[in-house]
Amino acid sequence: MTSTDVQKDVEDSGPSGYAAARLRLLQEGARSGPPRRSALSDLTDDWLSGLFTAGAEALRGVSLIAVGGYGRGELSPRSDLDLVLLHDGSDSAAVAALADRIWYPVWDLGLALDHSVRTPAEARKTAAEDLKVQLGLLDARHIAGDLGLTAGLRTAVLADWRNQAPKRLPELQELCAERAERQGELQYLLEPDLKEARGGLRDATALRAVAASWLADAPREGLDDARRRLLDVRDALHLTTGRATDRLALQEQDQVAAELGLLDADTLLRQVYEAARVISYASDVTWREVGRVLRSRAVRPRLRAMLGGGKPVAERSPLAEGVVEQDGEVVLARAARPDRDPVLPLRAAAAAAQAGLPLSLHAVRRMAAGVRPLPTPWPAEAREQLVTLLGSGQPTIDVWEALEAEGLITQMLPDWERVRCRPQRNAVHIWTVDRHLIETAVRASEFTRRVHRPDLLLVAALLHDIGKGWPGDHSVAGEIIAKDVAARIGFDRDDVAVLAALVRHHLLLVDTATRRDLEDPATVRSVAEAVGSQGTLELLHALTEADALATGPAAWSSWRGSLVADLVKRVAAVLAGDDLDEPEAAAPTAEQERLAIEAVATGSPVLSLRAQTEPPALTEGQPAGDPEPLGVELLIAVPDQPGVLPAVAGVLAVHRLTVRTAELRALDLPDGVEGSVLLLNWRVAAQYGSLPQAARLRADLVRALDGSLDVAGRLAERDAAYPRRRGVVAPAARVTVASAASRHATVIEVRAQDAPGLLFRIGRALEDAGVRMRSAHVSTLGANAVDAFYVTDGKGAPLGAGEAASVARKLEETLRG
């Protein structure tokens, strides 16, 4: 059917001709999507124009205008016709008669009509009072009549909108937020409203309105395509149901998928989710930019007055190497080089999540366009930054979505593509697979004080359902994928095995606890055999709870929690019996012995700094590069004396050095050498900038030990000048006494959020408690510090139970204060 045929039907048969032409157009299989919507708009224009012309006769100063979706030329099969009959006010009675001549034929055909009759002044007044009216008029399009009248209204409405934008845009943002609260997020709903849900067509229209204000603009890449996809789905929904509905109900999804030529309903939902995600992310970025511009406008007059009219310079505060905060966003430092720094995206993301700040769109796009792929396996810093990002709590979600929007997640973790936007047709689940995995990591971050290896817990949370992108049992498929991903990330063989076991058995505890007889020893033994160790059991317990809490409110309860805890207690009893005595120290190296002898001879600290590297990873098709830096090894030998740990830790904090691992122990000296020496073996990295010189570190350490350097004061001054930002309140520090962990000392375990000066505070608190430190074993896993201190009383014996509990309690109070 050609456009000439359509026009002939319209001219020959009036309303019935239009109805027949409309029906033929909608039944055409060859024309769909934007061409069909445009053709339907043109067909309707011609019909309405004919009605207008026949009724207007000699009437002047009147025009017919399409607004809203019809104004944009985007008529879906069952869309409302949004019309305004505009007039100059000279002949109201004639205009009212004309309106009847237009509206009644529309109603006679059963078409939904949203109509009004107004003068330009009335239209502007109504728009000023009703934001929805103003949004509709922004898309006003002339159909028939006085073109000058329509053009004048369009010009006035756009001018009003731009002049009132500082007031109206916050109203529009609030309207969008209220709608999202009512309708939910389109990208996660099993029966989404394509128009009203967050990330739907209403939000896409709001972004057009923001752009029309000239105050800010949305990221344009992919936005038009996302709108088109949602409109195509709505067209198919209208055609298959025969109703003007925007809700994609479960029972209609297969038909809609077939109408669109898609494989199945899951494929349909995934396309809808992907489109919604693009619109939601664009909305986040756009509203953030609107807020920034409005704040800047409010502050600028005061700044100009203060600076004598000079242009204010945006303050940039360093967050990590190559990463700074500027104007409430995380941006790249001027010297950052994504093409030479493959860890930069993870470092920037971790810094943003820890600070509770959004990643700048420009920064993410710059990294996506130019960053060099991570080698395989990843360098240690990349693994640490990933763990830090995953352990940052709620801010992790927005930062992760920013990386994902520009393809950085699938670049780093290719297996993510199979779970991205994948729907879960299970009433218990409230998220898509990928969002559920991130939600589980957020939940797991609350349990990092319960486990010895928070890094393994967080990565297991990220990977536990990764097998849902593959056929068969997702736990079995996930175990295979987890082994590959964990090895690529850079975990050693033992850690890879633990992560694979956690993914394989992530449903084991809850399934066994709720479906099996826990009084049967065989049941408990089977779980113990599957889990294999106390450490894995501890991780699996935390993962089970995090997974359930991230699934939805129906997946976890106090009853389920008590059953799982009971099972864990029984399995732990079966696995008990290992001796967790103090780790045996390796024989000192020649360098360690040399430093120790020099320390005894000089009676003062001796240290050496040495860069640690690992062989470059070989990537297929790429030449071998330079060795990857692991950090800097800092060896310190100090004559045995009180206060060594807080002194060394404090000096490192003053110099902005982050401690990755640390060990402190007494060193046995060679025969004939008198004295006692403490050896401290640290792996450190600069928070940003370059490392200090070894001579400067040694000089400050000497001053810290003799009391002439006020470490606590220096740290307090710095914290006051540059307060550390936190995105969310981290889980409280937890200090425990590991009973029966050692026969020779009392083991005090500390699990806390890593922060500058943390080890200094711990060391000083232990010194104040009057205990002697036999050895210390410090690890920083992402943003979590997991430390063990082997202490004795003044006579070298383990502390009594009461004294140990008191020391632990006071240390915990210090860290929480």
Side-chain angles (χ1 to χ4, degrees), residues 1-11 13-54 63-86 102-103 105-116 135-145 147 150-151 153-154 157 194-195 201-202 204-205 208-209 212 224-239 242-246 259-260:
M1 181 177 183
T2 66
S3 59
T4 303
D5 295 330
V6 173
Q7 182 65 32
K8 187 174 185 300
D9 274 341
V10 174
E11 292 173 351
S13 306
S16 60
Y18 168 74
R22 178 188 176 95
L23 182 60
R24 290 185 196 180
L25 176 62
L26 296 180
Q27 289 177 339
E28 277 186 33
R31 184 152 48 168
S32 62
R36 181 169 61 196
R37 288 190 290 274
S38 178
L40 183 56
S41 296
D42 291 343
L43 176 66
T44 305
D45 284 358
D46 290 341
W47 176 50
L48 293 174
S49 181
L51 294 175
F52 179 91
T53 301
S63 65
L64 184 64
I65 300 173
V67 297
Y70 181 27
R72 294 189 295 274
E74 295 175 343
L75 270 186
S76 289
R78 296 285 175 174
S79 288
D80 294 354
L81 297 184
D82 293 337
L83 296 170
V84 176
L85 189 59
L86 192 68
I102 299 173
W103 306 155
V106 175
W107 287 325
D108 288 344
L109 286 183
L111 299 178
L113 176 65
D114 189 351
H115 61 90
S116 61
L135 293 176
L137 286 173
L138 290 177
D139 292 310
R141 181 172 57 81
H142 182 74
I143 296 177
L147 179 60
T150 301
L153 177 64
R154 274 186 53 84
V157 166
L194 300 169
K195 189 174 185 179
L201 294 169
R202 287 274 192 214
T205 301
R208 290 169 56 91
D224 287 342
D225 185 59
R227 285 184 69 252
R228 179 192 60 76
R229 285 192 191 186
L230 293 185
L231 287 168
D232 288 351
V233 173
R234 185 172 71 168
D235 287 0
L237 181 61
H238 285 187
L239 289 173
R243 303 191 315 273
T245 178
D246 297 311
E259 175 71 23
L260 292 168

### Task
Please work out whether the ring planes of W103 and H115 are parallel, tilted or perpendicular, with thresholds of 30° and 60°.
tilted
#### Entry: With D82 via side-chain hydrogen bond (donor to acceptor under 3.5 Å, both in side chains) - residues at least two apart
none
#### Entry: Pairwise distance CZ(R229) to CG(D224) - rounded to 0.5 angstrom
13.0 Å
### Task
Under the side-chain hydrogen bond (donor to acceptor under 3.5 Å, both in side chains) rule, collect the residues that match up with H142, sequence neighbours excluded.
T150
### Query
If you look at every heavy atom in K195 and D246, which pair is closest and at what distance?
CD-OD2, 3.5 Å
### Message
Let me confirm one number: the CG-CG distance from L239 to L260, rounded to the nearest 0.5 Å.
### Response
9.5 Å
### Message
Can you tell whether the side chains of D232 and R228 come within less than 4.0 Å, N to carboxylate O?
### Response
yes
### Message
Once side-chain hydrogen bond (donor to acceptor under 3.5 Å, both in side chains) is applied, do any residues pair with E259, and if so which ones, sequence neighbours excluded?
### Response
none
### Task
Work out which heavy atom in S41 is nearest to a heavy atom in G73; give both atom names and the distance.
OG-C, 3.2 Å
### Shortest non-hydrogen contact from L85 toward L64
CD1-CD1, 4.2 Å
### Message
Applying side-chain hydrogen bond (donor to acceptor under 3.5 Å, both in side chains), can you list everything that pairs with D45, at least two apart in sequence or on another chain?
### Response
Y70, R141
### Query
Under a 4.5 Å cut-off applied to non-hydrogen side-chain atoms, are P77 and D235 in contact?
yes
### R243: side chain to side chain contact (heavy atoms under 4.5 Å, CB included) partners, not counting sequence neighbours
T241, T245, E252
### Query
Can you tell me if CZ on R36 sees more than 12 non-hydrogen neighbours from other groups inside 6.0 Å?
yes
### Task
Output the distance between atom OG (S76) and atom CG (L194), rounded to the nearest 0.5 Å.
10.0 Å
### Message
Once rounded to the nearest 0.5 Å, what's the spacing between atom CG of D46 and atom CD1 of I143?
### Response
10.0 Å
### Query
Which distance, rounded to the nearest 0.5 Å, do you find between the CG of L81 and the CD1 of I102?
11.5 Å
### Query
Can you find a pair of side-chain heavy atoms, one from Y18 and one from L51, that are under 4.5 Å apart?
no
### Task
Apply side chain to side chain contact (heavy atoms under 4.5 Å, CB included) to A140 and list each qualifying residue two or more places apart in sequence or on a separate chain.
I65, V67, R154
### Task
Compare every heavy atom of R234 with every heavy atom of S79, then report the nearest pair and how far apart it is.
OG-NH2, 4.0 Å
### Message
Applying side chain to side chain contact (heavy atoms under 4.5 Å, CB included) to R208 and D139, what does each step give before you reach the verdict?
### Response
CA-CA 9 Å; R208 290 169 56 91; D139 292 310; 3.1 Å; yes
### Message
Please report the interatomic distance CG(L138) to OG1(T205), rounded to the nearest 0.5 Å.
### Response
10.5 Å
